[in-house]
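Step one of this worksheet: look at the structure below.
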Amino acid sequence: MRHEVPGVPELFSWEFATDPYPAYAWLREHAPVHRTKLPSGVEAWLVTRYSDAKQTLADDRLSKNPAHHHEPAHAKGKTGIPGERKAELMTHLLNIDPPDHTRLRRLVSKAFTPRRVAEFEQRVQELTDGLIDGFAEQGSADLIHEFAFPLPIYAICDLLGVPREDQDDFRDWAGMMIRHQGGPRGGVARSVKKMRGYLADLIHRKREALPAEPTPGEDLISGLIRASDHGEHLTENEAAAMAFILLFAGFETTVNLIGNGTYALLTHPEQRTRLQASLAAGERGLLETGVEELLRFDGPVELATWRFATQPLTIGGQHIEAGDPVLVVLAAADRDPERFADPDVLDLARRDNQHLGYGHGIHYCLGAPLARLEGQTALATLLTRLPDLRLAADPAELRWRGGLIMRGLRTLPVEFTPAPR
């Protein structure tokens with residue numbers, strides 16, 4: 001039985017997208033587990049308090065598998081990535097539960113160990129500098145399209161083993177996927193289909209040329225093929241789906257971390273000045289705590305990906321029926337005053353910062369070490385190389401991308417003193 005809560009602020013409008021935090025504060029206080037109709041027409045529960053969110057993210061009665069959704073006909077296929085069902089890309093880490101999730105995560109986790117990510121640091125720095133070189137002499141740039149977007153695309157392509165000559169195609173497909181509300185109708189599904197075809201072909205070509213023994217720093221797709229050829233029983237569909245979700249989940253989150261993070265620093269000049277002084281002194285501590293604070297304050301993932309109740313349960317005193325979709329609002333939980341002192345204040349030195357920006361439990365973001373490296377490298381290099389970086393637009397004029405899961409700017413126009421030729 002659905003009970004209407006009086007006074008609920010409007011959710012998912014363009015005004016809400018610009019600053020959702022007041023609405024989330026209202027929900028935390030008055031309707032912490034709230035059933036609402038999403039723009040897609042699907043009804044789901046929104047969980048907004050930190051303690052409830054953390055518990056929900058780790059609750060094994062909530063499945064990631066869309067097969068558990070008691071969805072009406074009009075909602076069919078509206079709870080995942082557009083086009084993934086038709087492209088046979090459903091068997092990835094965001095859609096499966098143990099034991100398959102455990103098996104697939106173990107296979108790919110080797111690519112994201114601290115040691116492997118540290119080996120990748122020089123390449124991330126090269127990509128960062130190369131992109132800044134491309135606009136440093138101009139005195140202005142759109143930091144989303146010219147910097148925050150291409151950096152993680154090229155990084156994840158290198159990690160997967162996509163040849164350099166094919167990476168611009170990936171950039172085009174990925175661009176269509178994050179412009180899903182501003183591009184042609186059906187564009188996301190078409191891009192997903194093209195990516196699926198490319199990945200299947202690449203997996204086939206790499207399998208044909210795979211050396212007998214792994215080389216140091218072997219790319220991730222070769223590693224997945226090697227595992228599937230040595231008894232791990234990874235099907236070609238699973239390998240393609242794994243590569244796809246690493247690209248999909250691994251780039252848009254980092255685009256938004258860099259974009260939202262830069263925007264937060266440019267609109268909080270005292271914090272930005274502290275960070276620049278710390279970097280100039282050769283220190284890393286404030287950069288490291290600062291990136292965690294930027295993830296908490298205005299993180300790249302607004303809502304955790306879909307979960308579906310496999311049995312009746314109670315969350316935050318609210319009864320949930322089996323088959324109901326549940327969405328944990330990370331952005332609301334990470335501003336909960338019950339957990340964080342002065343949650344609406346940006347404090348780059350914040351120490352007690354167990355934010356949920358990368359999730360919690362068995363679905364904790366596998367690529368978090370790489371995203372942290374990219375975020376730290378991008379922000380430190382921007383602030384060091386372009387020290388007088390400033391917004392070139394009124395914050396009220398900036399537009400945020402529509403969409404349910406991610407939170408990110410469409411554009412971020414900036415100005416700075418041009419670098420000498």
Side-chain angles (χ1 to χ4, degrees), residues 120-159 164-165 167-172 174-175 178-179 250-284 286-288 290-291 294 298 300 348 370-395 397-399 401 408-421:
F120 207 52
E121 189 170 349
Q122 184 179 345
R123 177 62 183 150
V124 172
Q125 187 65 62
E126 286 171 5
L127 287 168
T128 301
D129 281 320
L131 290 167
I132 294 175
D133 288 344
F135 57 77
E137 294 177 359
Q138 298 168 12
S140 65
D142 173 3
L143 281 187
I144 300 298
H145 293 283
E146 295 177 68
F147 184 64
F149 173 67
L151 174 59
I153 283 286
Y154 293 139
I156 203 78
C157 280
D158 278 357
L159 200 69
R164 298 274 165 92
E165 63 269 21
Q167 291 186 6
D168 284 336
D169 287 337
F170 260 74
R171 182 176 171 168
D172 291 345
I178 70 167
R179 284 197 303 273
F251 89 88
E252 191 172 0
T253 48
T254 310
V255 175
N256 295 347
L257 168 57
I258 298 168
N260 298 6
T262 304
Y263 175 70
L265 291 172
L266 294 181
T267 51
H268 294 79
E270 72 295 339
Q271 293 292 311
R272 171 256 190 90
T273 301
R274 283 179 70 192
L275 181 54
Q276 283 179 302
S278 170
L279 293 168
E283 298 164 358
R284 296 277 302 181
L286 192 63
L287 176 65
E288 291 170 2
V291 166
L294 294 167
D298 198 9
L348 298 183
L370 178 61
R372 285 189 169 101
L373 168 65
E374 290 173 348
Q376 289 175 15
T377 305
L379 292 171
T381 310
L382 267 183
L383 293 178
T384 302
R385 290 191 55 184
L386 308 174
D388 63 347
L389 190 71
R390 57 195 176 275
L391 271 178
D394 184 327
E397 293 172 1
L398 296 177
R399 290 288 171 264
R401 279 196 302 276
L409 286 160
R410 288 175 177 263
T411 60
L412 183 56
V414 294
E415 295 171 338
F416 46 87
T417 299
R421 289 180 182 277

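Quick caveat, the model's predicted, so the values are computed rather than measured.
- Of all the heavy atoms in Phe416 and Ala141, the pair that sits closest is CE2-N, 4.1 Å.
- Expressed to the nearest 0.5 Å, how far CG of Leu131 lies from CD of Glu126 amounts to 11.5 Å.
- Around CD of Glu165, the count of heavy atoms belonging to other residues, nucleotides or ligands within 6.0 Å exceeds 12.
- Screening Leu286, Leu383, Leu265 for a side chain to side chain contact (heavy atoms under 4.5 Å, CB included) with Gln276, the sole residue that qualifies is Leu383.
- Judged by distance alone, with hydrogens and angles left aside, the side-chain atoms of Arg401 form a donor-acceptor pair with the main-chain N or O of Leu409 at under 3.5 Å.
- For the pair Asp388 (side chain) and Thr417 (backbone), a donor-acceptor distance under 3.5 Å is present.
- The two residues Ala155 and Glu374 have their closest heavy-atom pair at CB-OE2, 3.0 Å.
- Using a 4.5 Å cut-off on side-chain heavy atoms (C-beta onward), Asn256 and Phe251 make no contact.
- We find that Arg171 and Asp169 are not joined by a salt bridge, their nearest charged nitrogen and carboxylate oxygen being 4.0 Å or further apart.
- Each of Leu382, Thr384, Leu151 was evaluated against Ile132; a single residue qualifies, Leu382, per the side chain to side chain contact (heavy atoms under 4.5 Å, CB included) test.
- Side-chain atoms of Gln125 and Thr381 form a donor-acceptor pair, as typed in the model, at a separation below 3.5 Å.
- Across all non-hydrogen atoms, the minimal contact from Leu398 to Ala393 is CD2-CB, 4.1 Å.
- Counting heavy atoms from C-beta on, the side chains of Arg284 and Gln376 come closer than 4.5 Å.
- Here the side chain of Arg272 pairs a donor or acceptor atom with the backbone of Leu389 at under 3.5 angstrom.
- With a 4.5 Å cut-off on side-chain heavy atoms, Gln167 and Asp158 count as touching.
- Note that CG of Leu412 and CG of Leu266 are 6.5 Å apart. Values are rounded to the nearest 0.5 Å.
- The main-chain N or O of Gly134 is found under 3.5 Å from a side-chain atom of Gln138 such that the two form a donor-acceptor pair.
- When every heavy atom of Leu379 is checked against every heavy atom of Gly261, the shortest pair comes out as CD2-C, 4.3 Å.
- Note that CG of Leu127 and CD of Gln122 are 11.0 Å apart. Values are rounded to the nearest 0.5 Å.
- Scanning all heavy atoms of the two residues, the minimum distance from Leu348 to Leu275 falls at CD1-CB, 3.9 Å.
- Summarising the geometry of Thr254 relative to Pro152, their closest heavy-atom pair is CB-CB, 3.7 Å, with the distance given to 0.1 Å.
- Put simply, the side chain of Leu373 reaches to within 4.5 Å of the side chain of Glu121, judged on heavy atoms.
- Counting heavy atoms from C-beta outward, Phe147 and Thr262 have side chains that stay 4.5 Å or more apart.
- Formation of a donor-acceptor pair under 3.5 Å by the Asn260 side chain with backbone atoms of Asp298 is found in this model.
- Residues Ser140 and Phe135 form no side-chain contact, since every pair of their non-hydrogen atoms from C-beta on lies 4.5 Å or further apart.
- A heavy-atom distance below 4.5 Å is not found between the side chains of Leu143 and Ile258.
- In summary, the side chains of Thr411 and Asp142 do not present any donor paired with an acceptor at a separation below 3.5 Å, with no hydrogens or angles considered.
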